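In what follows, a single structure is set out as structure tokens and then discussed.
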Amino acid sequence: MSSQSQAGNKAWGGVFEEAADPRMEKFTESISFDQRLYRQDIRGSQAHAAMLGKIGFLTESEVTAIHDGLEGILKDIEAGNFEYSLKLEDIHMHVEKELINRIGDTGRKLHTGRSRNDQVSTDFRLWIRDAIDEMDGLLKNLQRAFVDRCDGDFDCIIPGYTHTQRAQPVLAPHYWLCYVEKYARDRERLADCRKRVNTLSLGAAALAGTSIPIDRFETARLLDFERVAANSLDVSSDRDFALEFVFCLTLIAEHLSTWAEEWILWSTCEYGFIKLPQKFCTGSSIMPQKVNPDLLELIRGKTARVVGSLQTLVVLVKGLILAYNRDLQEDKEPVFDAFDTVSASLSLAADMVRGAELNRESIGERLEKGYLDATTFMEFLIKRGIPQRTAHGMVGRLVRSAMNRGIALAELPLEEFQKECAELDESVYEILGVRRAIEAFQSYGSTAATQVREQIEAWKKRLEE
Ligand code: ARG
């Protein structure tokens, strides 16, 4: 084969006199990863062809031939009967070339009024739109896993921490619902991102639009896009939607990672709060006693990849002039990788949450350690008219005195309390101790049983929808 005819093999063959260097083909291909867009590419092309039929650029039988030809390609790809080649660069070229092979000259009309620049953007938007819907389901499933634990764990109090130091008591379901709230924000963020993803790019063509009288609103209707991008230059250059999506994924990964870190600590002998399901742990090849929380560690560890994907995208688009630049081909892998990582983490996390058991005994044994009732005791004094700063000092001194003796506040004799505040009587003992401290919380959103119960019921309803 002469180099000229090899160059002519490409979609752009006409102007070329020299064949591509094979290293160049290998370096610049995207088929190895954008084959994941095959379904979106085919759906996009079917809609484009239908629109070309509507405006009279394709006959009805041509539209049918293209539609059916593409449907056949879709089936073959799904059945694994499709051959990919680096020579054809990307999924768009593969599908189009195969269509021409199958239906002949009619297939050569498909690329009328479009370019790969708007095509790739369309395919990517369609893919991300589906990915968002899948992600929403996975987040909801994890929220359910937490909410489903709430009734069974309702009576369990766990120390709450600030600075990793014991601070105030918290009901276990208050912990669970804390994560439910975080994932609710993640779902809202994704829903918001979806609005911008759901914009039709196709028809912007290379960068300036097209002289073919296409009907972009018809294409949008066929592909269920809510709006049509109004500036063709913007379409070719815009990857905001991919960045936003990966930012949403990054926050989800961060939420998963902090939870994983917490449960890793909770599963240690030092904390002893939780027993992890063995099917999500591994042992040691040398220390026979070990049960290691590898799944949680890797959920935490893989967060780095997701952050890395966001970083890649942010740097990728920096300094690209309008409109399309080939750099943009590098946008797919970080998106795919971030999605795969976060979706696998979410699905495993939900089963981990369902399978873990609280070590009530070990939590209970040390619950009175750490003066978790000090704040509500101080507030008890405030409610009796003592200024907050004064009450803070009094309770601080009482805690010091109890610490020195190695006892809890409730174990101090009444005289100690009266030394600080003469009006105090036996009723102080009614508000001391962790259980009573929990009951004292009343503000909206607090860890008081009544508040938590309200939130549990509200979440059960919200997650039914
Ligand atoms: N493989 C390319 C990508 O994924 C397709 C777009 C090519 N457009 C172009 N003008 N070379 O971005």
Side-chain angles (χ1 to χ4, degrees), residues 7-16 18-45 48 73 77 82-100 110-129 131 197 199-210 212 229 231-243 245-246 309 312-339:
N9 236 349
K10 303 280 186 200
W12 52 78
V15 78
F16 280 76
E18 197 183 3
D21 184 315
R23 286 169 307 168
M24 146 88 181
E25 285 179 332
K26 188 160 183 277
F27 188 74
T28 60
E29 64 88 22
S30 56
I31 187 62
S32 58
F33 48 88
D34 69 15
Q35 53 181 270
R36 242 177 123 156
L37 300 175
Y38 73 90
R39 182 192 297 272
Q40 289 75 17
D41 195 68
I42 287 172
R43 291 287 173 242
S45 287
H48 183 66
I73 295 172
I77 293 179
F82 193 83
E83 225 172 274
Y84 296 107
S85 147
L86 294 190
K87 291 212 171 310
L88 288 175
E89 184 183 314
D90 57 29
I91 189 65
H92 325 295
M93 307 281 230
H94 274 79
V95 171
E96 191 186 335
K97 185 89 193 296
E98 183 60 24
L99 183 71
I100 295 167
L110 173 62
H111 211 50
T112 304
R114 78 175 187 191
S115 124
R116 273 184 304 153
N117 298 351
D118 55 343
Q119 193 181 351
V120 72
S121 164
T122 305
D123 293 2
F124 208 20
R125 285 174 183 276
L126 287 171
W127 190 90
I128 292 179
R129 191 174 71 181
V197 169
T199 301
L200 177 81
S201 303
L202 213 58
L207 76 161
T210 170
I212 310 282
N231 184 299
S232 58
L233 266 182
D234 189 28
V235 166
S236 320
S237 58
D238 173 28
R239 289 297 182 274
D240 293 5
F241 61 95
L243 269 79
F245 177 52
V246 175
S309 293
T312 300
L313 289 171
V314 171
V315 178
L316 179 67
V317 297
K318 165 198 146 301
L320 292 185
I321 70 154
L322 300 177
Y324 178 84
N325 294 279
R326 189 65 181 274
D327 313 46
L328 291 175
Q329 179 176 291
E330 289 288 310
D331 62 358
K332 313 284 174 321
E333 284 169 293
V335 171
F336 293 154
D337 191 68
F339 174 77

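Note that ligands are numbered from 1 as they come in the structure, with each ligand's atoms numbered from 1 the same way. Note that the structure is predicted; figures quoted are calculated from it, not measured.
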Using the ring pair (Phe, Tyr, Trp, His ring centres under 6.0 Å) rule, take W127 and F339 through it: C-alpha gap first, then chi angles, then the decisive distance, then the call.
CA-CA 11 Å; W127 190 90; F339 174 77; 5.3 Å; yes
Would you sort out whether E29 and S32 count as a side-chain hydrogen bond (donor to acceptor under 3.5 Å, both in side chains), showing the intermediate values?
CA-CA 7 Å; E29 64 88 22; S32 58; 2.7 Å; yes
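Partner R116 forms a side chain to side chain donor-acceptor pair (under 3.5 Å) with one of E89, E96, H92 and no other, that one being E89. Each of L207, N117, D118 was scored for a side-chain contact (heavy atoms from CB on, under 4.5 Å) with Y324, with one residue passing: N117.
More than 12 heavy atoms of other residues, nucleotides or ligands sit less than 6.0 Å from atom CZ of R326.
For ligand 1, residues of the protein lying within 4.0 angstrom by heavy-atom distance are S30, E89, D90, R116, N117, V120, Y324, Q329, K332.
Taking the centre and axis of the six-membered ring of F16, the NZ or CZ atom of K10 falls outside the cone set by 45° and 6.0 Å.
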